[in-house]
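By convention in this document, chain letters (A, B, ...) are assigned in the order of the sequence lines, proteins followed by strands, and residues within each chain are numbered from 1.
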Amino acid sequence: MDITNNVVENEALNRNHPIITLLTDFGSKDAYVSALKGVILSICPETKIIDIAHDIPKYDIKYGAFLLSQTAPYFPVGTIHLVVIDPGVGTTRRRIIVKGKRNMYVGPDNGVLSLAAEKEGSIKMVEIKKKQFMLQIVSKTFEGRDVFAPVSAYLAKGYEIDAFGPIIKNIVKLALANVESRNGKLVGEILYIDGFGNIITNIVSKSIHCSEIPVGAPLTVSIGEQSKKMRLCSAYEAVLVGQPLMIIGSSDFYEISVNKGSAKALFQANIGDVIEISVPKRTC
Amino acid sequence: MDITNNVVENEALNRNHPIITLLTDFGSKDAYVSALKGVILSICPETKIIDIAHDIPKYDIKYGAFLLSQTAPYFPVGTIHLVVIDPGVGTTRRRIIVKGKRNMYVGPDNGVLSLAAEKEGSIKMVEIKKKQFMLQIVSKTFEGRDVFAPVSAYLAKGYEIDAFGPIIKNIVKLALANVESRNGKLVGEILYIDGFGNIITNIVSKSIHCSEIPVGAPLTVSIGEQSKKMRLCSAYEAVLVGQPLMIIGSSDFYEISVNKGSAKALFQANIGDVIEISVPKRTC
Amino acid sequence: MDITNNVVENEALNRNHPIITLLTDFGSKDAYVSALKGVILSICPETKIIDIAHDIPKYDIKYGAFLLSQTAPYFPVGTIHLVVIDPGVGTTRRRIIVKGKRNMYVGPDNGVLSLAAEKEGSIKMVEIKKKQFMLQIVSKTFEGRDVFAPVSAYLAKGYEIDAFGPIIKNIVKLALANVESRNGKLVGEILYIDGFGNIITNIVSKSIHCSEIPVGAPLTVSIGEQSKKMRLCSAYEAVLVGQPLMIIGSSDFYEISVNKGSAKALFQANIGDVIEISVPKRTC
């Protein structure tokens, strides 16, 4: 996926500027995130460490998987994405590395890596087993620091993925609700709600289900007991301040927004809610 | 503005360590900030990326303009400040670059860059037009990622500002309330309230309006219906814990504080409120 | 403290990758943290700046001291830890540098550096006095920017600690409550509660007070008026979701947790509360 005409696509060149991104549910009041960073820099001091997010809902694998899949394509080839959203820490759930066509992913095998990895296509997957890439003592409660951080740092140093353990054929996948089309209605679910209150649906604008909705088309959007009329617009400013609209978001999903307001508040919506989009006279 | 005796003032030298700062209203629960970082590092992997703030009130141009003007002078010459507080995203508001005497500023032309740029003095201003410095597809909702981030990264690589589009003569300026002096009272407004509850006024200590207030001078400060007596002090500890004081803040504005407490709570104050400072027997 | 078999323990090598960590109570809505970063990069552009935390309770020296002591051991030898939790800013409290066996610490002499420095052992301590390492104008309210940040940056450039001022023999130490063992009960206090609601006690698992508690041992834990039965477990998953357990945390202290829940909420506990652990038939 070429994001710019001049993007750095040379993996060898990228070796000189290794990047590790961090996505965790550790919050910003504790020192857990910085412990990951200290371990990484102890092993590979050249690493550029970039935070994706830490203040996400605790244990929310789906939320993390979505964030990662949204942002990973914008990083240079060879970037290592370290994810520690790990409600099963200390149990026998596997610890994995996924090498995709562009990026590498390190984290627990609970689905959190699967959306991003599927989006770009996986080349190889490995279960992390070799103790020489872990800290000497591995605590039962903080494998992020003791396993995933050092493994990521050794990847940044250039170790091949095969060095870390046996190849595996499958990883746990995150199930997203299907999008259905019935009686002129598109039925999907709320994937995510961002900090502006924008509602991101799981319905891709170039849906396979039916012809594309034309800009300007009048719609009725229903979430729970709330139904609102709006149009598909191409900028927030197409409607008055405080009015709702549907828009094709920055990741090709249909999004419900309010110009300078919160669609979340308008619909009293939550992640996971069912959403229906009715398009009169549409050729579904 | 020399901030230290040994500051790096050599722009050429700084080219080897390009810095881009980020100031947005994107919050810390989404992946929008990291998308900016991924795009920047894809284009200019050497960039050091520094966050100014992201958890600021959404769409608050004035708040962002103040933060930027406070912190920009402390960065090395040649730093690129990327600001995405952009309620008009997707509309025809211009996208601009301002080259100041020390720093470069990239963002929407809505006033958010103007305080910082005025403070150091602008040398050249350009409207961003050339598509080769943008991502291939520019979404209507996320120009930060698709326009401002790549433009900043190409500046970091050393492209001259003229390359990005036509020179413009004016940018949108942010209007700050005037400071007035009448009947021995200084009347201004609350520019900003920080996380400690310190109230920053728009009244500069070396005011042109009248003679400087001497340290120790007794004052009456009024905000809304609250009036409190205090003195101009040179450290918080000059008053008892819980007591108010006026102090010359770290940016030469008069500030109202409470020793180990919150002036915001004491006065029930908000940004934009009118503030009156009465100085008995003062030669205004 | 060797944290990995391959850790970078060579101080000279580390000179090429100077690291400064930042721990403050400045929050994330202001530009104070970025001002520190601007000053550091103006003086030592090569520095890698790593945030430990900024969203901690204002003025909470004990909280900061604990965070620092938890995370500092995971950073490479030669890392400079800059701490600005400084309720006494502008007063005569000393400003200090502590050179430990592994790391350097810069901050106010109020105890915030003492836990981390004691943990690794101090080699030399200095009071910061020399004005050539400070900004030209030192404000009374922001010595973090005007003193501690430039001092840290000059340390990153390789200046010896003796250059900054006179050697001192003692620094202010933070008093932690003693752990007592009486009638088969271990009595300590709550050191810290993390963002997951895990309660970290000040009782080290390899206590000098008595024999180690065996895994699986039944316990009664009391905090305030709440008493709960639980066992010492080796992973959160050893108990059902929502059930409490005691575990040896990632820093060898006993911790009270709830599997996928909050021990803080269960016990209505706060930092500083007394905690009692009863171990039936134990050989204390």
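- Interface residue B/Tyr192: only side-chain heavy atoms are found under 4.5 Å from chain C.
- C/Lys48 has its side chain out of reach of C/Glu46: every pair of non-hydrogen atoms, C-beta onward, lies at least 4.5 Å apart.
- Of the residues considered (B/Leu67, B/Ile56, B/Ile247, B/Thr21), B/Leu67 shows the highest number of contacts with chain C, using heavy-atom pairs under 4.5 Å.
- Note on C/Leu36, C/Thr47, C/Val33: by heavy-atom pairs under 4.5 Å with chain B, the leading option is C/Thr47.
- Put simply, the side chain of C/Ser42 gets close to the backbone of B/Tyr74: a donor and an acceptor are under 3.5 Å apart.
- Of all the listed residues (C/Pro87, C/Gly88, C/Gly27, C/Ala35), the one sharing the greatest number of non-hydrogen pairs under 4.5 Å with chain B is C/Pro87.
- When all heavy atoms are compared, the tightest approach of B/Cys44 to B/Ala156 is SG-CB, 3.9 Å.
- The local environment of NZ in B/Lys58 is crowded, with over 12 non-hydrogen atoms from other residues, nucleotides or ligands closer than 6.0 Å.
- Residue C/Asp51: no heavy atom, backbone or side chain, is found under 4.5 Å from chain B.
- Geometrically, B/Lys260 does not engage B/Tyr236 in a cation-pi contact, judged by NZ or CZ lying under 6.0 Å from the ring centre and within 45° of the ring axis.
- Contact annotation for C/Thr92: neither backbone nor side-chain heavy atoms come within less than 4.5 Å of a heavy atom of chain B.
- Put simply, of B/Asn259, B/Asn198, B/Ile50, B/Ile52, the one with the most heavy-atom pairs under 4.5 Å next to chain C is B/Ile52.
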message: Using ring pair (Phe, Tyr, Trp, His ring centres under 6.0 Å), reason through C/His54 and C/Tyr32 one step at a time and then give a plain yes or no.
response: CA-CA 10 Å; C/His54 303 291; C/Tyr32 299 136; over 10 Å; no
